[in-house]
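Have a look at the structure below before the remarks.
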Amino acid sequence: MRIATWNVNSVRARLPRILPWLSEKRPDLVLLQETKCLPEQFPAEEIEELGYNLALHGQKTYNGVAILSKQPIEDVVRGFGDEEFDGEARVIGATVGDVLALCVYVVNGQEVGAPKYDYKLRWMERLGTFLRERYDMGEKVVVAGDFNVTFDDRDIYDPDKWRDRILCSTPEREALAGILDCGLADGLRHFTDEGGIYTWWDFRTRGFQRGNRGLRIDHFLLSPPALAACRGVEVDLEARAGDKPSDHAPVVATFE
DNA sequence: ATGGTGGGTTCCCCA
């Protein structure tokens with residue numbers, strides 16, 4: 001089984017890249033972030049024609065998450081069930097086979113010290129609480145998405161430049177570690193200690209084209225049974241190249 | 001190069 005996470009930066013704008021990618025790669029389960037549309041605006045028919053079932057959680061203009069699955073999708077959950085946070089469509093979860101999947105789009109935070117930064121830290125704390133309260137880590141739990149945080153300096157092309165900046169600050173990293181505290185592991189780091197593996201490259205600085213100037217902020221967090229079944233986590237760099245890409249590459253985890 | 005590009009919306013916000 002292969003599970004992918006991909007921040008597509010608008011599912012409608014990205015459809016010419018998403019459809020061929022689904023046809024070619026045929027992932028079993030796909031977790032999308034930043035769909036940026038209401039459920040009724042989602043290009044459902046085109047994706048269903050490729051053999052996927054859908055579960056959607058969207059809003060106008062911003063955010064939006066979705067689950068695409070070859071297998072039936074059961075027990076769909078949208079949001080934390082906490083009105084303080086659920087005005088934004090950032091979380092959708094479901095059961096697919098024996099996998100409990102949660103698709104997350106963590107708050108970006110704008111810049112360190114901004115009001116949105118404080119909101120980001122509180123949002124991440126709430127995600128940790130949600131996971132502790134609602135998930136049995138003895139099951140195959142896969143929490144994946146755009147976390148908008150690097151784990152450490154191996155995840156940054158230029159750590160000195162990014163030191164203490166948004167996506168890289170110590171409080172954000174501590175908040176991310178707090179999410180893992182319930183028993184999840186960084187899937188990619190189970191397989192490699194190498195740096196230089198990135199999932200996002202800034203459009204504005206043309207970081208992808210100008211020498212792989214990226215950050216790793218899209219992650220697979222795995223419970224012990226999910227980690228035991230995982231055979232690899234890889235970034236699909238081809239999907240970040242070419243015409244009209246998202247600023248994020250898909251990350252694909254393979255399971256036995 | 002404290003800018004830039006890209007997506008959605010509306011005369012600007014967000015990333």
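Residue numbers begin at 1 in each chain, while the letters A, B, ... track the order of the sequences. In this text the structure is predicted, and so the values were computed from the model without any measurement.
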Open item on the list: Check this one for me: any side-chain N or O of A:K116 less than 4.0 Å away from OP1 or OP2 of B:dC14?
Closed with: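 For A:K116, the contact criterion (side-chain N or O under 4.0 Å from OP1 or OP2 of B:dC14) is met.
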
Open item on the list: Looking at B:dG7, I'd like to know if its phosphate oxygens (OP1 or OP2) sit under 4.0 Å from a side-chain N or O belonging to A:K244.
Closed with: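 So the side chain of A:K244 is within the cut-off, an N or O lying under 4.0 Å from OP1 or OP2 of B:dG7.
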
Task: Parallel, tilted or perpendicular: ring planes of A:F80 versus A:W123, cut at 30 and 60 degrees - done: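 Rings of A:F80 and A:W123: tilted, 30 to 60°.
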
Open item on the list: For A:E234, is the CD atom crowded, meaning more than 12 foreign heavy atoms sit under 6.0 Å from it?
Closed with: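 Atom CD in A:E234 is not packed in, count stays at 12 or less.
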
If you measure from the [atom1] atom in [N] to the same atom in [M], how many Å do you get, rounded?
N: B:dC14; M: B:dG4; atom1: C1'; value: 15 Å
N: B:dT9; M: B:dC13; atom1: C1'; value: 8 Å
N: B:dT5; M: B:dA1; atom1: C1'; value: 15 Å
N: B:dA15; M: B:dG3; atom1: C1'; value: 15 Å

For [X] and [N], give me the distance from atom [atom1] to atom [atom2], rounded to whole Å.
X: A:R12; N: B:dG8; atom1: CZ; atom2: C1'; result: 8 Å
X: A:E111; N: B:dG3; atom1: CD; atom2: P; result: 13 Å
X: A:L32; N: B:dG7; atom1: CG; atom2: C1'; result: 16 Å
X: A:N108; N: B:dA15; atom1: CG; atom2: C1'; result: 6 Å
X: A:Y117; N: B:dA15; atom1: OH; atom2: P; result: 15 Å
X: A:Q59; N: B:dG8; atom1: CD; atom2: P; result: 14 Å
X: A:R14; N: B:dT5; atom1: CZ; atom2: P; result: 16 Å
X: A:D202; N: B:dT5; atom1: CG; atom2: C1'; result: 8 Å

- [ ] Would you kindly compare A:Y62 and A:A13 by the position of their nearest DNA chain B nucleotide and give the one closer to the 5′ end?
- [x]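 By nearest-heavy-atom nucleotide position, the 5'-most residue is A:A13.
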
Task: First encountered from the 5' end of DNA chain B, between A:T35 and A:R206 - done: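 Between the two, 5'-proximity favours A:R206.
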
Open item on the list: Which residue is it: A:Q33, A:K36, A:K244? I am looking for the one with a side-chain contact (heavy atoms from CB on, under 4.5 Å) to A:N9.
Closed with: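 Considering A:Q33, A:K36, A:K244, a side-chain contact (heavy atoms from CB on, under 4.5 Å) with A:N9 is found only for A:K36.
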
Taking the minimum atom-to-atom distance to the side chain of [X], which one of [options] wins?
X: A:R90; options: B:dA15, B:dG8, B:dT5; answer: B:dA15
X: A:E34; options: B:dT10, B:dA15, B:dG7; answer: B:dA15
X: A:T61; options: B:dG6, B:dA15, B:dT9; answer: B:dT9

- [ ] Say whether A:W200 and A:N7, considering side chains only, have a donor N or O and an acceptor N or O under 3.5 Å apart.
- [x]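 No, no side-chain donor-acceptor contact under 3.5 Å.
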
TODO: Classify the side-chain pair A:N212/A:W201 by whether it contains a donor and acceptor separated by less than 3.5 Å.
DONE: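 On atom types as modelled, these side chains qualify, holding a pair under 3.5 Å.
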
Open item on the list: Under 4.0 Å, counting only non-hydrogen atoms across every strand here, what does A:Y105 touch: a base, just sugar-phosphate, or nothing?
Closed with: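 Sugar-phosphate, backbone atoms only, no base.
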
Open item on the list: Please classify the nucleic acid contact of A:T205 as base, sugar-phosphate, or nothing, using heavy-atom distances under 4.0 Å.
Closed with: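 Base: the residue A:T205, judged by heavy atoms under 4.0 Å, touches a nucleobase.
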
Open item on the list: Using a 3.5 Å distance criterion without hydrogens, assess whether the side chain of A:E139 forms a donor-acceptor pair with backbone atoms of A:D136.
Closed with: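 Not at all, since once roles are kept as given, no pair shorter than 3.5 Å links the two residues.
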
